[in-house]
Amino acid sequence: MEMKKLVAGLSVSVMAIGALAACGGGTDSDSSSTKSDSGSKPDKIVIWEDTEKAETTKAAAKAFEEKEGVKVEVKEVKMTDQQKKVALDGPAGKGPDIILLPHDQIGTVVDQGLIAELKDGEKALEPFIDTAKSAVTFDGKVYGYPKAVETPILLFNKDELKEAPASMDDLYKLSTEQKKDGKYGFLALWDNFYFAHGPIAGYGGYVFKDNGGKLDPADIGLNNEGAVEGMDYIGKWYKEGLFPKGLIGGGGGQALDQLFGDKKAVAVMNGPWAVASYKEKGINLGASALPKLPNGEPIKTFVGVKTYAVSAYSENQEWAEKFLSTLTGEENAKTMFEKYNEIPPVTSLQEDAAIKDNEVAAAVFAQSKDGVPMPNIAEMGQVWEPMAAALQLVATDKQDAQKSADDAVKQIKQQIEANNQ
Amino acid sequence: MAAITTPKQTNPTPELQTNHRKIAALISIVPGLGQLYNKQFLKGAIFFIVVLSYFLVNFDLFFKGAGNGPGDRGAIWGLITLGEVAGVRGDHSIFLMVEGIIALILLVFGIAIYVWNFIDAYRIGKLRDLKVEVPSLKMQLRNFRDNGFPYAMLIPSLVLLVFTVVLPLIFTFLIAFTNYKFNNSPPAKLVDWIGIQNFLNIFTVDIFRDTFVSVLGWTLVWTVASTTGVIAIGIGLAVLLNQKGLKGKRFFRSVLILSWAVPAFITILIFRSMFNETFGVFNTTLLPAIGLSGGVEWMTDPTYTRLALIGIQWWLGFPYIMTLTTGILQSIPEDLYEAATIDGATSGEKFRLITLPMILFATAPILITQYTFNFNNFNIIYLFNNGGPAVPGQSAGGTDILISWIYKLSLGSNPQYGFAAAITLVLSFFIMTIAVIQFKRSKSFKDEDMI
C-alpha cells in the first residue's frame with residue numbers, strides 16, 4: 001500500500017519537474033519580441049501633448065495620417081510631469097515617440113539618455129529665431145523642435161500710463177513720483193534670480209559662458225564687474241523704497257500681483273501667464289518689451305522654450321521628426337497661437353497680423369529676441385538657491401553686491417563639484 | 001559506537017521503533033511527499049501545488065530576463081552587479097535593484113514555505129512514531145479553523161505590508177550605498193555600489209560641513225521651543241477649561257479647536273501674508289495698535305522669522321494636545337482631589353502633584369512623537385519662507401532645519417538620491433534612538449497601572 005503511494009507521489013513530482021523544465025524552455029522563445037524595421041512605415045507614432053492643449057496637435061495628426069499613412073496617437077500628459085514619466089515608461093517599453101518639455105530640462109534628460117539628437121538638426125531649426133535655436137541646442141547638438149516661447153515682459157496699466165516707457169530711467173522717475181502719493185511706479189521680483197537675471201545680464205553678467213552652442217559650467221560670470229553693477233542697480237530700487245520690503249521673500253509674488261491688481265502700482269515685470277488674472281481684475285492692460293537699462297542695453301530676460309523632443313526609445317525617429325516639422329511649421333504654429341496663446345518662435349510669423357496685433361504676444365516675441373535662453377545644462381540647478389540668497393542680501397542691504405555675488409559663485413561651484421563627485 | 005557514548009537523554013524519543021519522522025522529513029525534499037507518506041493527502045497536495053506554482057511563477061525572475069544584456073541572468077545577479085551594459089537598450093540599474101529586492105523577499109517566503117514543509121512532515125511523522133493518531137482531514141480543517149484562522153486573515157495584509165512598506169524601506173536603505181544621482185542615472189549610466197562613501201560625504205563635503213552646526217543648533221532650538229510651547233499651551237488651556245463652574249465650556253472648546261480644523265498649509269500661507277513686512281496685518285495694524293513700531297522684519301531678519309515660525313506652530317499644534325488632555329482630565333478620579341483638599345493642599349499643589357503627573361503618565365508617548373514630528377516639520381518651514389531669510393556666508397537659510405536644508409541640497413532640481421538616502425538614514429537613526437530612549441523611560445511603558 002504505502003509503496004504504491006510513494007511511487008505515485010514520486011511520479012507526480014517527476015512530472016512536475018518536467019513541466020517546470022518545459023516552461024523554462026518555453027519562455028525563452030517569446031522573450032525576444034519582434035522589432036520593427038526602421039525603414040518601413042510604422043503602425044503608429046505616439047506623441048505626449050500638454051493637457052488641455054491638444055486639439056491643434058490632434059488635427060495636425062489627422063492631416064499627417066491622411067497624407068503620409070502613418071497614424072499619430074496624441075496622448076495628453078501634463079508637460080511638467082513628462083520628464084519623470086518618460087524616465088520610467090521609456091525603459092519599460094511603454095514610452096512615447098515624442099515628448100514635450102521645457103528646454104531647460106534638455107541637458108538633464110540628455111544626461112539621462114532619454115532623448116535622441118535630431119537627425120537633421122540644422123535644417124530643422126532654420127525657421128526659428130536665434131534664441132529658440134540656441135535654447136534647443138545642447139553640447140553643440142540639436143535636440144528638439146521649439147513649440148512656444150515664454151519670457152517676462154513689461155505689463156502696465158493703460159489708464160495711468162498712455163505709452164510704453166522708452167527707458168528704465170523713465171520708469172524710475174515714475175516710481176519716485178508715485179512714491180510721494182504712497183503708491184508704486186514699477187515693481188519686479190528682483191530677489192528672484194529668474195527675474196533678476198534680466199538686469200544682471202543687461203549689465204554684462206552671465207550664468208555660464210556660451211562657447212558656440214556649448215555652455216561651460218566652469219566659467220561662471222555672476223560675480224564679474226557687469227553682474228555686480230547689475231546687482232547694485234537692483235539694490236538701488238529696494239534701498240530707495242521704490243520696491244517695498246514686502247516683495248522680498250515668501251509671498252512676494254502674491255504681494256506684487258495684489259498691488260498691481262489693486263491699481264497701487266502702474267507697471268510690473270511679469271510673464272504672459274499673469275495676463276489673464278490681471279485682466280480679470282479689470283486692469284486696462286498694456287504690454288511691451290522691457291525698456292532699456294541706463295547703460296543703453298536691453299534687459300536680457302531668461303527665455304523659456306517649450307520643446308518637442310524625440311524619445312531615445314523611439315524606433316520611428318525619422319517619422320517622429322517628420323511629424324514635428326509639420327506640427328511646428330508656420331501653419332500649425334499659427335493655429336496653436338490662435339487657439340492656446342502659445343507664442344511660436346517662428347521667424348516668419350513675427351510680421352503676421354495675428355501676432356502683431358496682439359500686444360502681449362508682440363511684446364513676448366520682441367523681448368525673446370533680446371533675451372537669453374535659460375541655460376539648459378544640468379548645472380543650472382545649482383544656481384537658483386545661492387543667487388536668490390545673494391539677491392536677498394543685496395535687496396535688504398545686509399551685504400554689498402560684490403561680496404554677495406562672490407559668496408554665491410563660490411557656493412555654486414562647490415555644489416557643482418559635490419554633485420560631480 | 002557513537003550511540004553508546006551519547007547519553008540517552010539527549011535523544012528525545014529513544015524508544016521509538018519506527019522511523020516515520022525521519023523518512024517523512026527526508027522525502028520532503030520533494031515538497032508534499034512527506035505529507036503524502038504520512039497519509040495527509042490534501043495537505044501534501046497543497047504543499048506540492050504551492051511550491052510548484054512558486055517555481056513556475058518565479059523561475060524567470062530568479063534565472064532569466066534580468067537586464068537587457070546577453071545571457072540568462074537572474075534578479076539576484078542584477079542586485080549584486082546593478083547591471084553591466086549602460087545605454088538606452090542596456091541594463092537599467094534601478095529596475096534591476098527593485099527586481100532584486102522583490103526576488104530576495106520572494107526567496108525568503110519560498111524558503112519559509114519549504115522549511116515549514118520539512119517541519120510539518122517531521123512533526124506528523126513523529127506522531128506516527130509515537131503511535132498517536134494522525135489528525136484526520138476533518139480534524140485538520142477544524143484545527144485550522146480554531147487556531148489558524150487569524151493567521152489566514154492576516155496573511156493578505158502581511159503580503160501587502162511587505163510590498164508597500166518593507167520594499168521601499170529596503171530600497172531606500174540600499175540606495176544610500178550607491179552613487180545614484182541625477183547626473184549618474186540610468187539608462188544613460190549604470191549605478192554602482194560605493195559602500196559608505198555617501199555617509200562619509202556628510203562630514204567631508206565643504207558646503208555641508210560648514211553649515212551643519214548652525215543648522216543643527218536651530219533645529220534643536222526649534223524642536224524644543226515649538227513643541228514645549230504647544231504642550232504647555234495645550235495642557236494649560238485644557239486645565240482652565242476643565243474648571244468647575246466655568247460657563248460655556250463647549251463654546252470655548254469649539255472656538256479653541258478651530259485652528260485645528262483648518263488645514264495646516266492654508267493656515268501657514270495665510271500667516272505668510274499676515275507677516276508681510278509692508279502689507280501684512282501685523283506690521284500695518286496689530287503692532288501699531290498696541291503702540292509698537294510696525295517695521296518688524298518678519299521675513300528678512302532670521303530672529304524675527306524664527307519667532308514667527310514658533311508662534312505659528314503653537315497656534316497650529318495646541319488644539320490637539322488640549323483635546324487629548326481634556327479627555328484625560330475627565331478620567332481623573334474626583335476623590336483624589338477631595339482627599340487632597342482635606343489634607344489642606346492648595347490648588348497649585350493639586351495641579352503639580354495630581355493633575356500633571358496623571359496627564360504626563362497617559363500622554364508621554366504622544367508628547368515624544370510631537371517632538372520628533374517638529375524635528376522633521378518640513379511643511380511649515382518650507383511654506384512660510386522657504387527656509388529664508390538668506391544669511392551671509394552659508395548655504396542654508398536662517399530658518400532652515402535639517403530636513404528642509406537636505407531637501408534643498410539633495411532633492412532640489414538636481415537630485416542626489418544616494419546622498420539624500422544616506423542622510424535620511426542618519427536622521428532616522430538619530431530620531432529613533434532618542435525616541436526609543438524616551439519611550440523606555442516614560443512610565444506608561446513600564447507600569448501596568450498608575451494608581
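Sequence lines set the chain letters: A, B, ... in the order given, protein chains first and strands last, and positions in each chain run from 1.
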Enclosure of B:F265 CZ (heavy-atom neighbours >12, cutoff 6.0 Å): no
Chain B contact via A:L259 - side chain, backbone, both or neither, heavy atoms under 4.5 Å: side chain
Heavy-atom pair count under 4.5 Å with chain B, highest-scoring of A:G90, A:A390, A:S404, A:G113: A:G113
A:Q415 versus chain B, the contacting section by heavy-atom distance below 4.5 Å: both
Crowding at OH, B:Y304 (>12 non-hydrogen neighbours, <6.0 Å): no
Top of A:A312, A:A388, A:A395, A:G246 for chain B proximity - count of heavy-atom pairs under 4.5 angstrom: A:G246
Closest non-hydrogen atom pair between B:N276 and A:A255, with its separation: ND2-CB, 3.8 Å
A:K94 atom NZ, neighbour heavy-atom count above 12 within 6.0 Å: no
Close side-chain approach of B:R272 to A:Q254, heavy-atom, < 4.5 Å: yes
Non-hydrogen side-chain atoms of B:P389 and A:T396 separated by less than 4.5 Å: no
Heavy-atom neighbours of B:I196 CD1 exceed 12 at 6.0 Å: no
Spatial distance of atom CE (B:M299) from atom CG (A:D191) [nearest 0.5 Å]: 11.5 Å
Which of A:G251, A:A92, A:G252 touches chain B most, by non-hydrogen pairs under 4.5 Å: A:G251
Side-chain heavy atoms of B:N386 within contact of A:E385, under 4.5 Å: yes
Side-chain donor/acceptor of A:K398 to backbone N/O of B:T300, under 3.5 Å: yes
Among the listed options A:G249, A:P244, A:A389, A:P386, the residue most often paired with chain B at heavy-atom distances under 4.5 Å: A:P244
Heavy-atom closest contact (B:A390 atom, A:L393 atom, distance): O-CD2, 3.6 Å
Side chain, backbone, both or neither of B:F279 within contact of chain A (heavy atoms, under 4.5 Å): side chain
Per-residue contact mode, B:P187 against chain A (heavy atom under 4.5 angstrom): both
Side chain / backbone / both / neither for B:F275 at chain A, heavy atoms under 4.5 Å: neither
Flag, side chain of A:Q112 to backbone of B:S185, donor-acceptor distance under 3.5 Å: no
Closest contact, heavy atoms only, B:H92 versus A:A87: NE2-O, 4.2 Å
Donor-acceptor pair, side chain of B:T278 and main chain of A:K245, under 3.5 angstrom: yes
